[in-house]
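Counting from 1, the numbers follow the sequence of the chain as shown.
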Amino acid sequence: MKKISLLALGLVAGLTVSAQPDVVKNAEGLLKSKKYQEALEAVKPALSNPETSETAAPWFIAGKASQGLWDDAFVAIMTGQQLPEDQTKAACHNLLDAYNYYVKALPLDSKPDAKGKVKQKYTKEIRKTIGENYKGYFQAGLDLYNNKDYPGAYEAWDLYVNLPQNANADQKAFVADADTIVGQIAFYQALAAYLEKNFENSLLKVNQALDKGYKDRDLFIVGIEAADSVKDEAAQSRLAAEGNANYGSYDISFLASIVNAQLQKENYPACYEAINQSMNIAANDSIKSLLYNITAIINEREGKIDEAKANLEKSISLNPKNAKSYFDMGRLIQNSVAAQEDNADETTRQNVLAPELVKAAGYYEKSFDIDDNQTALPGHIYRLYYSLNHSYNLSQYADKEKYWEALK
């Protein structure tokens with residue numbers, strides 16, 4: 001009985017193997033009938049069976065069936081039909097699958113036969129189809145991105161961006177878009193990778209977009225953030241410098257990145273040099289006001305408090321609506337008082353320190369008048385007036401204390 005069972009099992013296995021070519025033929029018939037989903041399901045067993053997986057036919061059929069599913073959906077999309085999200089995503093992935101199946105078929109289609117001859121059957125059609133999918137890869141990336149499938153969007157756009165250098169594509173089957181468009185799509189790839197926290201690929205695509213001449217402001221912002229995430233200080237510095245050169249006349253965010261990096265190294269001369277360069281290209285007094293504010297912060301870090309105050313005064317004079325400079329001036333004054341309070345005699349406290357605290361409170365109040373989104377500031381001002389009323393016994397500020405207490 002044991003021998004009969006083993007023999008029976010062997011017969012079943014043999015029948016399964018010998019049936020694989022029939023699986024391919026059946027799938028091929030379904031493909032010709034444009035039953036793409038059925039053809040794809042039918043051919044899948046042949047992709048893993050040793051008898052057929054090393055031949056081009058099943059991979060070609062799988063690619064052709066996946067291509068057909070995409071083509072049908074693409075026509076619907078291009079004619080304005082609104083496909084459900086799951087159908088749209090599935091169709092886009094069919095296109096990506098088609099490429100991968102085709103790429104698997106290509107080397108197998110070039111294998112020599114028993115006589116050592118190479119007789120390609122599918123290569124020409126595959127390469128032509130991949131080339132003709134140029135716009136399809138663009139559209140698939142867009143649809144996947146809009147459906148928040150960021151890895152899929154990245155993959156589709158990668159085919160689009162790199163197709164002109166792709167040996168698997170017939171270069172005569174499509175006309176590549178201008179570098180400006182390709183660079184923009186490389187940026188979208190960078191953004192898709194960033195949203196997936198794939199910062200290395202994000203930075204890679206930022207650089208590719210720059211190579212294509214694409215220099216949108218947001219490209220530099222994404223690149224700086226990606227470089228910071230992978231601790232690539234050289235790339236972060238380069239992108240911040242280039243971003244500042246392009247947009248620094250009206251956007252100080254790139255300068256801020258440069259200054260922050262140099263402050264970590266306590267390289268104050270480099271900070272001032274970068275600020276001076278920005279000052280030379282500043283578009284208006286409002287930007288210059290912000291630059292003087294940054295200068296004051298660096299002065300403070302160096303312990304040059306008088307210089308910091310002088311630069312804050314310049315900042316305020318250039319833009320009387322700069323809430324941050326009023327706040328920073330109040331903070332510097334209050335900090336100076338705090339450093340002297342413990343060792344000050346009563347005369348100094350009343351005649352020197354108290355007037356300085358009143359002055360600090362005035363700057364804080366002005367800052368809050370300009371920007372009342374500073375939700376922590378009323379409580380801070382209240383505590384300052386409380387100190388004047390109770391610690392300095394200046395009861396004339398009791399009403400101020402109550403006013404700010406109500407706001408905190």
Side-chain angles (χ1 to χ4, degrees), residues 36-37 40-41 44 59 62-104 126 129-166 168-169 173-212 214 216 218-219 221-223 225-226 229:
Y36 300 124
Q37 189 63 53
L40 185 59
E41 294 301 322
K44 281 183 178 179
W59 298 102
K64 189 92 170 171
S66 296
Q67 180 74 44
L69 291 169
W70 159 257
D71 287 342
D72 287 348
F74 184 68
V75 170
I77 292 170
M78 290 297 98
T79 55
Q81 296 183 44
Q82 294 294 323
L83 298 181
E85 179 181 328
D86 58 341
Q87 288 186 28
T88 300
K89 290 175 67 173
C92 294
H93 279 284
N94 285 139
L95 180 63
L96 301 180
D97 291 343
Y99 176 82
N100 292 325
Y101 287 136
Y102 283 147
V103 169
K104 183 70 175 179
I126 288 174
T129 301
I130 290 175
E132 290 173 341
N133 281 331
Y134 182 68
K135 294 294 186 183
Y137 298 136
F138 175 95
Q139 183 64 43
L142 183 62
D143 290 330
L144 288 169
Y145 187 91
N146 287 338
N147 284 296
K148 296 183 172 54
D149 183 346
Y150 301 123
Y154 185 98
E155 184 180 352
W157 278 332
D158 214 41
L159 289 171
Y160 165 80
V161 166
N162 295 312
L163 208 66
Q165 294 81 43
N166 191 332
N168 297 319
F174 67 99
V175 177
D177 288 328
D179 280 354
T180 51
I181 298 174
V182 177
Q184 185 175 18
I185 299 306
F187 164 59
Y188 291 158
Q189 280 188 278
L191 190 55
Y194 185 86
L195 291 170
E196 282 293 302
K197 302 187 184 305
N198 188 343
F199 301 119
E200 289 186 0
N201 274 349
S202 182
L203 184 56
L204 177 72
K205 288 301 173 178
V206 164
N207 290 327
Q208 187 174 12
L210 286 170
D211 288 342
K212 294 292 183 181
Y214 187 76
D216 184 82
D218 290 342
L219 174 72
I221 291 175
V222 171
E225 292 294 328
S229 296

Under 3.5 Å, is there a donor on one side chain and an acceptor on the other for N147 and D143? no
Are Y160 and V182 packed together at the side-chain level, in the sense that at least one heavy-atom pair is separated by less than 4.5 angstrom? yes
In the structure I gave you, are the side-chain heavy atoms of N201 and Q189 within less than 4.5 Å of one another anywhere? no
Donor-acceptor pair between Q208 and K205 side chains, under 3.5 angstrom: yes
Anything under 3.5 Å between a donor and an acceptor, one on a side chain of residues 85-92, the other on a protein residue two or more places apart or in another chain? List them.
{"unit_1": "T88", "atom_1": "OG1", "unit_2": "P84", "atom_2": "O", "d": "3.2"}

Within residues 177-200 or reaching into it, pairs that qualify as ring-ring contact (aromatic ring centres under 6.0 Å, His included) - sequence neighbours excluded: W157-Y188, F187-Y214, Y194-F199
If you look at every heavy atom in A140 and L95, which pair is closest and at what distance? CB-CD2, 4.0 Å
For a side chain to side chain contact (heavy atoms under 4.5 Å, CB included) check, start with the C-alpha distance between E196 and Y154, then their side-chain angles and the critical distance, and finish with the verdict. CA-CA 10 Å; E196 282 293 302; Y154 185 98; over 6 Å; no
Quick one, D177 and K135 - any side-chain contact, counting heavy atoms below 4.5 Å? yes
The side-chain contact (heavy atoms from CB on, under 4.5 Å) partners of E155 (sequence neighbours excluded) come to L96, N100
Donor-acceptor under 3.5 Å (N133 side chain, T129 main chain): yes
Approximate separation, where rounding is to 0.5 Å, of Q67 CD and D72 CG: 10.5 Å
In the structure I gave you, are the side-chain heavy atoms of Y99 and N168 within less than 4.5 Å of one another anywhere? yes
W70 vs D97, test: side chain to side chain contact (heavy atoms under 4.5 Å, CB included). Steps then yes/no. CA-CA 10 Å; W70 159 257; D97 291 343; over 6 Å; no
Using a cut-off of 6.0 Å, state whether more than 12 heavy atoms not belonging to Q82 lie near its atom CD. no
Are the side chain of N166 and the backbone of N162 linked by a donor-acceptor contact shorter than 3.5 Å? no
Separation between CD (Q184) and CG (L219), nearest 0.5 Å, reads 10.5 Å
Check: D216 side chain, D218 main-chain N or O, donor-acceptor pair, under 3.5 Å: yes
So, the side chain of S202 versus the backbone of N198: is there a donor-acceptor pair under 3.5 Å, distance only? no
Atom of L83, atom of A76 and distance for their closest heavy-atom approach: CD2-CB, 4.2 Å
Quick check: do L40 and Y101 have side-chain heavy atoms less than 4.5 Å from each other? yes
Heavy-atom count check: over 12 atoms from other residues, nucleotides or ligands less than 6.0 Å from E132 CD? yes
Aromatic plane relationship, Y145 with Y150 - under 30° parallel, 30 to 60° tilted, over 60° perpendicular: perpendicular
Determine the minimum heavy-atom distance between V206 and G223, stating which atoms define it. CG2-CA, 3.7 Å
